[in-house]
Amino acid sequence: MLQPKRTKYRKPHKVSYEGKAKGNKYVAFGEYGLMALSGDWLDARQIESARIAISKRLGKTGKMWIRIFPHMSLTKKPLEVRMGSGKGAPDKYVAVVKNGTIMFEVANIPEAVAREGLRAAGNKLSVKWKIVKKEETCRE
């Protein structure tokens, strides 16, 4: 699973996923992309299961890019622990995905196969999504 090799702080503040994405809004590398229509924190497990779903349908000729990475750690306190006594230990790593973020891209495969792979990947994620072509997204 994806996680950073090292971080500056073990327990960062939570970053909001509300609002629109500032960058990563257009299909840069591939021909088709999976765009988030809502914001959420995507767990490293969700990203990995979406990657597997796409790669199963790609074949040997297709190419895939993962445009999100889980940099932020979310903490959790153990069960049945009393209130107080500080923040919990890091539990999992998440990627902050805002509205309009391109999460995955594919290239070198027919449109039907690309749509099928991105659809399967989108169903693994906890955000609303749509499949976009390179021409549909605006470069700003």
Side-chain angles (χ1 to χ4, degrees):
M1 264 187 300
L2 296 171
Q3 76 178 43
K5 286 191 178 102
R6 51 187 294 274
T7 57
K8 190 165 184 180
Y9 301 107
R10 269 182 67 230
K11 303 173 182 180
H13 293 178
K14 292 181 179 175
V15 178
S16 173
Y17 50 77
E18 300 296 324
K20 293 188 176 183
K22 281 176 64 179
N24 204 7
K25 295 190 289 188
Y26 57 87
V27 179
F29 305 106
E31 299 160 8
Y32 301 96
L34 190 67
M35 177 187 272
L37 296 178
S38 63
D40 202 358
W41 291 322
L42 291 187
D43 188 1
R45 290 173 182 266
Q46 291 177 323
I47 297 169
E48 178 67 12
S49 64
R51 182 196 68 80
I52 291 169
I54 292 174
S55 61
K56 277 185 179 178
R57 288 157 179 85
L58 273 183
K60 294 190 186 291
T61 58
K63 187 150 174 52
M64 172 180 53
W65 291 267
I66 303 172
R67 300 279 307 271
I68 53 176
F69 186 83
H71 289 288
M72 188 174 72
S73 66
L74 287 186
T75 60
K76 189 174 184 182
K77 294 184 79 124
L79 289 174
E80 300 180 6
V81 173
R82 292 185 178 187
M83 298 290 285
S85 71
K87 194 170 182 174
D91 180 45
K92 60 185 176 182
Y93 285 91
V94 295
V96 179
V97 174
K98 295 190 174 203
N99 179 8
T101 302
I102 301 291
M103 299 176 286
F104 296 91
E105 294 183 22
V106 293
N108 299 342
I109 51 174
E111 181 174 0
V113 178
R115 287 189 178 277
E116 174 62 27
L118 291 172
R119 184 196 59 77
N123 290 335
K124 307 276 185 193
L125 305 174
S126 61
V127 293
K128 293 178 183 170
W129 51 270
K130 75 174 181 178
I131 297 169
V132 292
K133 281 186 170 180
K134 190 170 192 131
E135 305 86 44
E136 292 175 13
T137 56
C138 60
R139 268 188 116 129
E140 295 175 19

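Please read these numbers as outputs of a predicted model, since none were measured by experiment. Excluded from the calculations below are hydrogen atoms, water molecules and symmetry mates; all remaining heavy atoms, backbone and side chain alike, are included.
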### Query
Do the side chains of Met35 and Ile131 join up, straight or via other hydrophobic residues, at under 4.5 Å, putting them in one cluster?
no

### Query
What do the steps show when you test Leu37 against Val127 for side-chain contact (heavy atoms from CB on, under 4.5 Å), and what is the final call?
CA-CA 7 Å; Leu37 296 178; Val127 293; over 6 Å; no

#### Entry: Exercise: identify the closest heavy-atom pair between Leu42 and Ser126
CD2-OG, 3.5 Å

### Summary
Here the pair of heavy atoms bringing Ile54 nearest to Ala121 is CG1-CB, 3.4 Å

### Backbone of Lys128 reached by a side-chain donor or acceptor of Ser38 within 3.5 Å
yes

### Query
With under 30° as parallel and over 60° as perpendicular, where do the rings of Trp65 and Phe29 fit, or are they tilted in between?
parallel

### Query
Would you say Asp43 and Leu74 make side-chain contact, with heavy atoms under 4.5 Å?
no

### Task
Examine Val106 and Leu125 and state if one hydrophobic cluster contains both, with Ile, Leu, Val, Met, Phe, Trp and Tyr joined whenever side-chain heavy atoms are less than 4.5 Å apart.
yes

### Query
Is there a donor-acceptor pair closer than 3.5 Å between any side-chain N or O of Lys134 and the backbone N or O of Ala28?
yes

### Task
Check whether Ile66 and Met103 end up in the same hydrophobic cluster, where Ile, Leu, Val, Met, Phe, Trp and Tyr are linked by side-chain heavy atoms less than 4.5 Å apart.
yes

#### Entry: Exercise: identify the closest heavy-atom pair between Pro70 and Ala44
CG-CB, 4.0 Å

### Task
Mind listing the closest non-hydrogen atom pair of Pro90 and Arg10 along with its distance?
CD-NH2, 3.3 Å

### Query
Say you draw a straight line from CD1 of Ile102 to CZ of Arg67; how long is it, rounded to the nearest 0.5 Å?
7.0 Å

### Task
Show the numbers, then the answer: is there a side-chain contact (heavy atoms from CB on, under 4.5 Å) between Lys133 and Glu111?
CA-CA 10 Å; Lys133 281 186 170 180; Glu111 181 174 0; 3.5 Å; yes

### Query
So does Lys87 have more than 12 non-hydrogen atoms from other groups sitting under 6.0 Å from NZ?
yes

### Message
Determine whether a donor-acceptor pair (N or O, by modelled atom type, separation under 3.5 Å) exists between the side chain of Thr61 and the backbone of Ile109.
### Response
no

### Task
Might you point out which heavy atoms bring Thr101 and Ala21 nearest each other, and give the distance in Å?
OG1-CB, 3.4 Å

### Query
Which atoms form the tightest heavy-atom contact between Gly117 and Arg57, and what is the distance?
CA-CD, 3.5 Å

### Query
To the nearest 0.5 Å, how far apart are CG in Leu34 and CD in Glu105?
10.0 Å

### Task
Report yes or no: does Lys77 contribute a side-chain atom to a donor-acceptor pair with the main-chain N or O of Gly84 at less than 3.5 Å?
yes

### Task
Can you measure from CD (Gln46) to CH2 (Trp41) and round to the nearest 0.5 angstrom?
12.5 Å

### Message
Tell me which one of Val94, Ile52, Val97, Ile68 satisfies side chain to side chain contact (heavy atoms under 4.5 Å, CB included) with Ile47.
### Response
Ile68

### Query
Atom NZ of Lys14 and atom CE of Met72: how far apart are they, to the nearest 0.5 Å?
8.0 Å

### Message
So, taking the atom named NZ in Lys76 and the one named NZ in Lys92, what distance separates them when rounded to the nearest 0.5 Å?
### Response
7.5 Å

#### Entry: Joint cluster assignment, Leu2 & Met64, ILVMFWY side-chain distance < 4.5 Å
yes

### Query
Transitively linked via ILVMFWY side-chain contacts under 4.5 Å: Val132 with Tyr32?
no

### Donor-acceptor contact present, side-chain Trp129 to main-chain Gly122, <3.5 Å
yes

### Query
When you look at Glu48 and Arg45, which way does the salt bridge (Lys or Arg N to Asp or Glu O under 4.0 Å) test go after all the steps?
CA-CA 5 Å; Glu48 178 67 12; Arg45 290 173 182 266; over 6 Å; no

